[in-house]
Amino acid sequence: MRTQVAIIGAGPSGLLLGQLLHKAGIDNVILERQTGDYVLGRIRAGILEQGTVDLMDEAGVGQRLHHDGIVHHHIELVFRGERHPIPIDDLTGGKVVTAYGQTELTRDLMDARRAAGLPTIYEAADVSLHGIDGDRPVVRWRQGGEARELSCDFVAGCDGFHGVSRATVKDKVTEYEKVYPFGWLGVLADTPPVSPHAIVYGNNERGFSLCSMRSLTRSRYYVQCPLDDKVEAWSDQRFWDELRRRLDPELAERIVTGPSIEKSIAPLRSFVAEPMRFGRLFLAGDAAHIVPPTGAKGLNLAASDVKYLSSALIEHYRERSQAGIEHYSDHALHRVWKAARFSWWLTTLMHRFPDTGAFGQRLQDAELEYLVKSRAASTVLAENYVGLPL
Ligand code: RFL
Ligand code: PHB
């Protein structure tokens, strides 16, 4: 089998790249380790920057997103029992974010890919990459016990943090990492969100909390928890009680509880791999970087990588130019590090760390106060939250 671009991974990065390349007339094949249903079962991101929405439009898959996505004009910070709205639209000259689940975005891309008859090979086992330093890379895998092979011009490693792409070049990668001393316990429930018009980020002496949503009838909440906590130790009742304790009295009163339909614990990590290109292999999305979810940047960074990468490949095929390909890594990393900085900063500001101490706590309190009182400080938060320009 032969194609122009072999894409490893059918998460948001791989699917979006496949769609944008297809629109430009560039052949691609996606190889995915899991089944499509498994990929759709992972509950992850929920907040899209305008740039990500625009890219979904460019890929021709923005219809349902515009219909069902819920536009947010502000976020709220809760600390010392009080809510503080941050009008992100007002502070950024009209920019907003859209609540639309990663599951839905993935489903839209999968549906479009299927409708266009584009090849996706699910349950591809033992994927391995060969010849990425030459001009004829080859991807090998096993399908139901049989060995398969795909030759291509380029390989796009869109296979997430635990994928094979970065592992293939591990001797050539410089990794920068910070692991945080806590995790997030997330609950999805078919209850109306407590704050349908704003994502709420809470800092409380018991720890961080977050109120988000997937629709007007489906809410998504998180609380900071110890890294070694087990999901089984958290009954629904315990979760709702804990969340209430971390909010202001009005939100706590208003929260509508119900049975959880998903509950999971995720560790928090900042990670950047440099560079993001190795010969004819490109890394994109979580394969190259991870940010703690506090700033809602992971999926959006995956989308901006894909924008840079698709433009570089389109330029290569249309104009026989190497320029975009040569600059891909530098362009992408510039934006990645800014989002890494923002996500680290917001995580540090909003969580309780085991080693903060009394002095550190006073500093955190002072910074929160300054942030909501100073228009300049709020603007810095807002312009990063809505997404820095590409
Ligand atoms: P994915 O989604 O991990 O997809 C990679 C795909 O590659 C497959 N794969 C392989 N396929 C073939 N061979 C192999 N050897 C393979 N190894 C892996 C995997 O099965 C998978 O299907 O990476 P991608 O596409 O780069 O997308 C990244 C996003 O998923 C991620 O950044 C976000 O979910 C992060 N994130 C958030 N991002 C936001 O922008 N806004 C948010 O509000 C937000 N909230 C979150 C989040 C992530 C969270 N968790 C659980 C990490 C909230 C949470 C709790
Ligand atoms: C979510 O809706 O899952 C979500 C929202 C905002 C974040 C992280 C996750 O910062």
Side-chain angles (χ1 to χ4, degrees), residues 6-18 30-49 51-52 70 72 75 97-103 105-106 109-110 120-129 139-142 155-168 183-188 193 198-201 208 210-215 218-222 262 264-269 271 283-306 339 342-343 346-347 350 385 387:
I7 300 174
I8 318 299
S13 318
L15 288 163
L16 187 55
L17 178 65
I30 298 186
L31 291 160
E32 165 61 52
R33 179 162 59 184
Q34 307 286 355
T35 63
D37 283 344
Y38 181 94
V39 173
L40 286 173
R42 292 188 298 225
I43 308 297
R44 289 188 170 177
I47 301 295
L48 309 183
E49 296 171 358
T52 305
I70 294 166
H72 286 299
I75 60 172
V97 294
T98 302
Y100 191 67
Q102 177 167 331
T103 312
L105 174 143
T106 306
L109 287 161
M110 281 182 177
T120 311
I121 297 164
Y122 286 101
E123 298 182 272
D126 305 331
V127 170
S128 59
L129 315 181
V139 181
R140 300 203 174 100
W141 73 99
R142 302 186 70 77
V155 180
C158 301
D159 47 353
F161 186 64
H162 300 288
V164 66
S165 301
R166 197 180 70 254
T168 301
W184 278 18
L185 168 66
V187 158
L188 189 69
I199 309 298
V200 180
Y201 293 84
F208 171 80
L210 169 56
C211 304
S212 182
M213 57 190 293
R214 292 293 175 270
S215 70
R218 180 167 286 187
S219 21
R220 179 69 165 161
Y221 298 109
Y222 300 93
E262 196 264 359
S264 53
I265 293 179
L268 268 67
R269 181 197 305 269
F271 173 92
L283 302 180
D286 280 17
H289 39 73
I290 296 283
V291 289
T294 323
K297 289 286 163 252
L299 173 58
N300 293 299
L301 269 188
S304 59
D305 288 355
V306 163
F342 173 67
S343 305
L346 195 58
T347 301
M350 296 308 295
Y385 196 82

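Just so you know, residue 1 is the first one in the sequence shown, and it goes up from there. Each ligand, and each atom within it, is numbered from 1 in the order the structure gives.
Comparing Glu123, His289, Gln34, Glu32 against atom 22 (O) of ligand 1, the shortest heavy-atom distance belongs to Glu32. Across Ser13, Gly11, Gly285, Ala10, heavy-atom proximity to atom 24 (P) of ligand 1 is greatest for Ser13. Comparing Arg44, Arg33, Gln102 by heavy-atom distance to atom 3 (O) of ligand 1, the nearest is Arg44. Which of Ser343, Gly46, Gly298, Ser212 comes nearest to atom 2 (O) of ligand 2 through a heavy atom is settled by distance: it is Ser212. Comparing Ile43, Ile47, Leu188 against atom 5 (C) of ligand 2, the shortest heavy-atom distance belongs to Ile47. For atom 53 (C) of ligand 1, the nearest non-hydrogen atom from the set Phe161, Tyr222, Tyr122 comes from Tyr222.
In terms of polar-atom proximity, defined here as any N/O pair under 3.5 Å, Ala296 does make such a contact with ligand 1. Remark: ligand 1 and Gly298 share an N or O pair separated by less than 3.5 Å (distance only, no angle test). At a 3.5 angstrom cut-off on N or O pairs, Arg220 does not count as close to ligand 1. At under 3.5 Å, a nitrogen or oxygen of Leu299, whether backbone or side chain, sits near a nitrogen or oxygen of ligand 1. Looking at ligand 1, you'll find an N or O of Asn300 within less than 3.5 Å of one of its N or O atoms. Not a single N or O atom of Ile8, backbone or side chain, sits closer than 3.5 Å to an N or O atom of ligand 1. Polar contact with ligand 2: absent for Trp184 (N/O pair, distance under 3.5 Å).
Ranking protein heavy atoms by distance to atom 45 (N) of ligand 1, first place goes to Ala45 CA, 3.2 Å. Atom 3 (O) of ligand 2 has its closest protein heavy atom at Tyr222 OH, 2.6 Å. In terms of protein heavy-atom proximity, atom 8 (C) of ligand 2 is nearest to Pro293 O, 3.3 Å. In terms of protein heavy-atom proximity, atom 6 (C) of ligand 2 is closest to Tyr201 OH, 3.4 Å.
Every atom of ligand 1 is numbered from 1 in the order shown, and the set under 4.0 Å from a heavy atom of Cys158 is 5 (C), 6 (C), 7 (O). For ligand 2 and Arg44, the ligand atoms under 4.0 Å from any heavy atom of the residue are 3 (O). Taking a cut-off of under 4.0 Å to the non-hydrogen atoms of Ile47, the atoms of ligand 1 that pass are 41 (N), 43 (O). Near Lys297, with a cut-off below 4.0 Å to any heavy atom, the atoms of ligand 1 are 39 (C), 40 (O). Below 4.0 Å from some heavy atom of Arg42 lie the following atoms of ligand 1, by number and element: 4 (O), 19 (C), 20 (O), 21 (C), 22 (O). Near Gly160, with a cut-off below 4.0 Å to any heavy atom, the atoms of ligand 1 are 3 (O), 5 (C), 23 (O). Against a heavy-atom cut-off of under 4.0 Å, Pro293 is close to the following atoms of ligand 1: 47 (C), 53 (C). Close contacts of ligand 1 with Gly163, meaning ligand atoms under 4.0 Å from a residue heavy atom, involve 17 (N). Listed by number with element, the atoms of ligand 1 under 4.0 Å from a non-hydrogen atom of Val164 are 15 (N).
Side-chain contact check for Asp159 versus Leu31: every heavy-atom pair is 4.5 Å or farther apart. Between Arg214 and Leu188, the closest side-chain pair of non-hydrogen atoms falls below 4.5 Å. At a threshold of 4.5 Å between non-hydrogen side-chain atoms, the residues Asp286 and Phe271 do not count as touching.
The backbone and the side chain of Asp159 each have at least one atom closer than 4.0 Å to an atom of ligand 1 (non-hydrogen atoms only).
A donor-acceptor pair under 3.5 Å is formed between the side chain of Asn300 and the backbone N or O of Ile47. With hydrogens and angles ignored, the 3.5 Å screen pairs no side-chain donor or acceptor of Arg166 with any backbone N or O of Leu283. Glu32 contributes a side-chain N or O that, together with a main-chain N or O of Gln34, makes up a donor-acceptor pair within less than 3.5 Å.
The closest approach between a heavy atom of Pro12 and any atom of ligand 1 is below 4.0 Å.
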